[in-house]
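Data first, discussion second: the structure below is written as structure tokens.
Counting convention: from 1, in listed order, for ligands and their atoms alike. These numbers were taken from a predicted model, which means no experiment stands behind them.
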Amino acid sequence: MTRWALIGITALGLSGLLAAVKLDPSETDAAAATGSIERGRYLVKIGGCNDCHTPGYLEKAGDVPEDRWLIGDSLGFNGPWGTTYPTNLRQLLRTMGEDDWVRAARTVETRPPMPWFNLRAMTEADLRAIYRYVLSLPADDTPVPDYVPPDRPPKTPHIVFVPQAPKR
Ligand code: HEC
């Protein structure tokens, strides 16, 4: 077999593979549409917001109905900063306008493990898309426990976030 025939066969195989993994174009177009609700949904999903702000999302590998998304969590994160609880974002974002949200996302600095710096790295259009998506979900006022300072033990289940050195 000549070298060119081999290259040809490899290229055919590759294009077959690419065709097989092609996504539904309607879905990808909607997620790419700047500032759209569908893009907000996509960003919330891939940006990790559900991982902490949706109860059980990590444990169930994302298999949580959308009507439970972003309602906050009473599973705390405990570390040297005390114990923090992921905010109910549906409730929080309803207390502010879209411009206020963009400003807040650019200035907020929370305790760990919220990656507040990732909000600053988002484009304004993406922040607006997230806002529109969150407001498209039904209002939800599920309460989230208050922050507990380091000198007090948390009264809820919590994950301890303390780096451990390997024993020698
Ligand atoms: C690793 C877990 C984690 C991830 C991932 C995460 N958050 Fe958070 N988030 C938290 C925790 C915990 C708090 C509460 C921090 C505190 O009490 O200081 C918080 C707080 C916030 C706040 C501040 C609320 C306030 O009261 O001002 C906003 C806004 C927020 N998160 C949005 C998001 C968005 C949007 C995403 C996805 C891009 C996200 N979070 C991803 C854990 C997380």
Side-chain angles (χ1 to χ4, degrees), residues 23 27-165:
L23 296 167
E27 196 176 296
T28 45
D29 289 354
T34 309
S36 73
I37 289 176
E38 197 47 40
R39 176 151 181 91
R41 182 177 187 275
Y42 167 78
L43 289 168
V44 158
K45 213 170 164 182
I46 64 154
C49 318
N50 280 321
D51 299 358
C52 295
H53 290 269
T54 297
Y57 199 85
L58 270 184
E59 296 91 318
K60 297 191 182 110
D63 189 18
V64 175
E66 199 164 352
D67 64 7
R68 303 269 299 158
W69 286 17
L70 306 179
I71 63 171
D73 203 350
S74 56
L75 176 65
F77 289 104
N78 174 265
W81 59 86
T83 308
T84 48
Y85 297 90
T87 314
N88 179 338
L89 294 179
R90 291 206 212 170
Q91 191 178 41
L92 176 75
L93 266 57
R94 275 191 169 75
T95 65
M96 51 175 95
E98 192 173 305
D99 291 338
D100 299 327
W101 159 246
V102 173
R103 255 191 305 277
R106 291 273 159 81
T107 48
V108 73
E109 190 174 329
T110 72
R111 291 166 287 246
M114 165 65 203
W116 50 268
F117 35 86
N118 290 354
L119 296 184
R120 293 189 194 191
M122 284 186 189
T123 64
E124 185 177 327
D126 282 352
L127 287 171
R128 290 187 184 279
I130 287 181
Y131 180 89
R132 287 168 199 170
Y133 170 65
V134 175
L135 262 79
S136 79
L137 294 168
D140 183 289
D141 287 327
T142 304
V144 165
D146 288 335
Y147 160 71
V148 181
D151 56 346
R152 280 200 274 136
K155 292 197 181 87
T156 64
H158 56 276
I159 293 167
V160 180
F161 245 60
V162 181
Q164 311 281 318

Under 4.0 Å from a heavy atom of Gly47: which atoms of ligand 1 are those, numbered in the order shown and with their elements?
37 (C), 38 (C)
Could you tell me whether Trp116 approaches ligand 1 through its side chain, its backbone, both or neither, with non-hydrogen atoms closer than 4.0 Å?
neither
Around atom 36 (C) of ligand 1, find the nearest protein heavy atom and jot down its residue, atom name and distance.
Cys49 SG, 2.9 Å
For atom 10 (C) of ligand 1, what is the nearest protein heavy atom, given as residue, atom name and distance?
Met114 CB, 3.4 Å
Could you list which atoms of ligand 1 come closer than 4.0 Å to a heavy atom of Tyr85?
12 (C), 13 (C), 14 (C)
Is it the side chain (CB and beyond), the backbone, both or neither of Ala104 that lies under 4.0 Å from ligand 1, heavy atoms counted?
neither
Please work out whether any backbone atom (N, CA, C, O) or any side-chain heavy atom from C-beta onward of Leu119 is under 4.0 Å from ligand 1, and answer side chain, backbone, both or neither.
side chain
Measuring from the heavy atoms of Leu92, does anything fall under 4.0 Å of ligand 1?
yes
Heavy-atom proximity to atom 28 (C) of ligand 1, picking from Leu89, Val108, Thr87, points to Leu89
Enumerated ligand 1 atoms positioned under 4.0 Å from heavy atoms of Met122
38 (C)
Identity and separation of the nearest protein heavy atom to atom 9 (N) of ligand 1:
His53 NE2, 2.9 Å
Which residue and atom name correspond to the protein heavy atom nearest atom 23 (C) of ligand 1, and how close is it?
Thr110 CG2, 3.8 Å
To check your reading of the model: name the closest protein heavy atom to atom 29 (C) of ligand 1, its residue, and the distance in Å.
Trp101 CZ3, 3.6 Å
Per atom 2 (C) of ligand 1, closest listed option by heavy atom (Pro113, Gly40, Cys52):
Cys52
One should read off an interatomic distance between Arg90 CZ and Asp67 CG, to the nearest 0.5 angstrom, of 7.0 Å
